[in-house]
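Right, one structure below, let's go through it.
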Amino acid sequence: MLLGPVLVLLLLGGAGPASAHAALASTDPGDGTVLRRAPAHVTLTFSESVGLRDDSFRVLDPGGHRVHTGEAGRADGRADTARVALPGELGEGTYTVAWRVVSADSHPVSGAFTFSVGKPSRAAAPVDTGPTEDPLTAGLHKTARYLSYLAVALLVGTAAFVALCRPPDPAPLRRTLVAAWWTLLAATVALLVLRAPYEAGTGPSAALDPAALGDTLTARPGALLLIRLGLLVPVALYLVHAARTARADRRGGRRTALTGAVGVVLAVGLALTWAAAEHASAGTQVPVAMTSSVLHLLATAVWLGGLAALLTTLRSARPAPDAATVSRFSRTALTAVTVLVVTGVYQSWRGLGSWQALTGTAYGRLLLAKVILVAVLLAAAAVSRRWTAALVTEPAAVREPGRVPERVPQPAGGPPPEAPRPEAPRATHPSRAGTGTGTGTGTGSALRRGLYRSVLVEAVVAAVVLGVTTVLTATPPGRSAEEAARAAVPAGGVLPASVTTIPFEIGASGRGTVQITLDPGRTGDNAVQAVVFGPDGSLAAVPELRLSFTLPDKQVGPIEADLLDRGGYWSANTVTLPLPGTWTMKVTVRVSEIDQVSENRRIRVER
């Protein structure tokens, strides 16, 4: 309960860290480029660090046959790159490069692009670029991830509820703890076994390959799953010890404090196995992001698992939970929600990127779907709060039937005697079966039943929200989606960006034109392509082509674009335009060994 502040959290973040897939920033050779000579390497650069596989690269020749390449490695030792060496005898035609790596959040990403040597192939042969994702493996993997999130929430949250809220009878919660422990164990084993086929994009039967399992155990995601399995052993011993301690008489605060400290250490250790395998472990501000991720997961567990524990206690506890237990959980939930809001906003800033991504990306649309669920959750929380207030303010004689009210000392002489009140009718209606024989007892049971129903609605909606969050952790957030969109360059050399056509004189031969494409035509890094057309509209070869950009208003420039002849067109992988405004683009075309012509055009560069 007390879930109002969680609206901000669920709008901007999830129960786990805002996961992000690595976005392909650039390729060398560029997609669609035509090279005079075969390149020595193929290099990919990503928005964050990536993990390599044995089959990270598949290079296919113009006929669709696989080219024998070297082992995948890094460029200049950088963790955000992937490189493979090519043989020196590549023939003429178009080559396809299919790639597959593992992003820092442990999810595989893949893609393909083409480049040509000499000239493009006349007809592209159908090629198999390899698997992308097996639906059955992906479905099983998502199910296991959801169960692992749910299990750790129940495990940590129920243990925290017993320690912090001190229910009168914690025995019914032991079944929840045991079920959560076994579920987490089974889900972790499933994630470990499915890891190899999930990364490779193959069916679940590939999990039976011992070599693939061995590779999984030596990689970071697999090693973290092994650590999680190892931590479950001391967690089980801790739960047994805590159960024995709860049954025994309390022997003072020191032993209880030590037991609590051990529980906190184990909970943090479990949370770290999630944080270290996801996006918090890469990118900027890694120490802060890791801390935020751990606190976020633990706060979610204390809130959601505590909600389930309160539901179990309200349903099966004998005697019924007193108002003090409910009040302690309210205070604990308020603290957890506060932590969730702070860490969720930070993680959302780190992952969402912009408000436009809220509606322009799949990640943002999933967040909006969560807002609808949160509206239902807040409505149930408002009802729960009213039931809680009524239970807390209920007279002690009603909360504890059979208890004789204490005598209140009166002044000498005492107050005048009151007329005897008529005895309240006994609750005998069948719907009040089991609520006691007096009105007071029936009122207390009715309050607990009402609270139980509203908490049940909260728990069901919260479980659905956790499911949406599991999907979110496997969805590229706005920042990565926008980076991938900016980096995407379709094959064929024609870019969907700002295009400027500049005519120029070719002496007595007539007029030619230069078509210049600037992608994305905004501040920051831009890719440039330039194609020269002759008087008859056909492609024209020129000895030299130069391009520069100047921003007169700010006295910036000229900034030269390092254009290279790609055998049919000219291009530059990157030219940086630092400021928005109206730039002057100057193109110089050398039409012969001794003649050249220059033309200017003004273009608008947006932020």
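- Taking 4.0 Å as the cut-off between side-chain N and carboxylate O, Arg78 and Asp80 count as a salt-bridged pair.
- Nearest heavy atoms, Ile516 versus Ala530: CG1-CB, 4.2 Å.
- Considering every non-hydrogen atom in both Leu551 and Pro580, the closest pair reads CD2-O, 4.1 Å.
- Using bins of under 30°, 30° to 60° and over 60° for the plane-to-plane angle, the ring pair Phe46/Trp99 lands in the perpendicular bin.
- Side chains of Thr96 and Thr114: a donor-acceptor N/O pair is absent below 3.5 angstrom, by distance only.
- Side-chain atoms of Thr43 and Arg83 include a donor-acceptor pair closer than 3.5 Å.
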Glu599 vs Lys586, side-chain contact (heavy atoms from CB on, under 4.5 Å): CA-CA, chis, key distance, verdict: CA-CA 6 Å; Glu599 296 289 344; Lys586 179 181 178 180; over 6 Å; no
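- Under the 3.5 Å distance criterion, with hydrogens and angles disregarded, a donor-acceptor pair is assigned to the side chains of Ser598 and Thr588.
- Using cut-offs of 30° and 60° on the angle between ring planes, the pair Tyr95 and Phe115 is parallel.
- Nearest heavy-atom pair across Ser292 and Thr343 is OG-CB, 3.4 Å.
- Put simply, CE on Met585 and CD1 on Ile603 are 5.0 Å apart, with the number rounded to the nearest 0.5 Å.
- A donor-acceptor pair under 3.5 Å is absent between the side-chain atoms of Thr550 and the main chain of Pro552, judged by distance alone.
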Test log, rule side chain to side chain donor-acceptor pair (under 3.5 Å), inputs Thr94 and Ser116: CA-CA 4 Å; Thr94 300; Ser116 300; 2.8 Å; yes
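- Looking only at distances, a side-chain donor or acceptor of Thr143 sits under 3.5 Å from a matching main-chain atom of Gly139.
- Residues satisfying the salt bridge (Lys or Arg N to Asp or Glu O under 4.0 Å) test with Glu544, not counting sequence neighbours, are Arg546, Arg590.
- Between the OG1 atom in Thr137 and the NZ atom in Lys142 there is a gap of 12.0 Å [rounded to 0.5 Å].
- Listed for the Ser148 side chain is no donor-acceptor partner under 3.5 Å among the backbone atoms of Ala187.
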Pair Thr69-Leu86, side-chain contact (heavy atoms from CB on, under 4.5 Å): steps then yes or no: CA-CA 5 Å; Thr69 61; Leu86 298 177; 4.0 Å; yes
Please tabulate, for the side chains in residues 214-225, all donor-acceptor contacts under 3.5 angstrom to protein atoms that are two or more places apart in sequence or on a different chain.
unit_1 : atom_1 : unit_2 : atom_2 : d
Thr216 : OG1    : Ala212 : O      : 3.1
Thr218 : OG1    : Asp215 : O      : 2.9
Arg220 : NH1    : Ala276 : O      : 2.3
Arg220 : NH1    : Ser281 : OG     : 3.2
Arg220 : NH2    : Ala104 : O      : 3.1

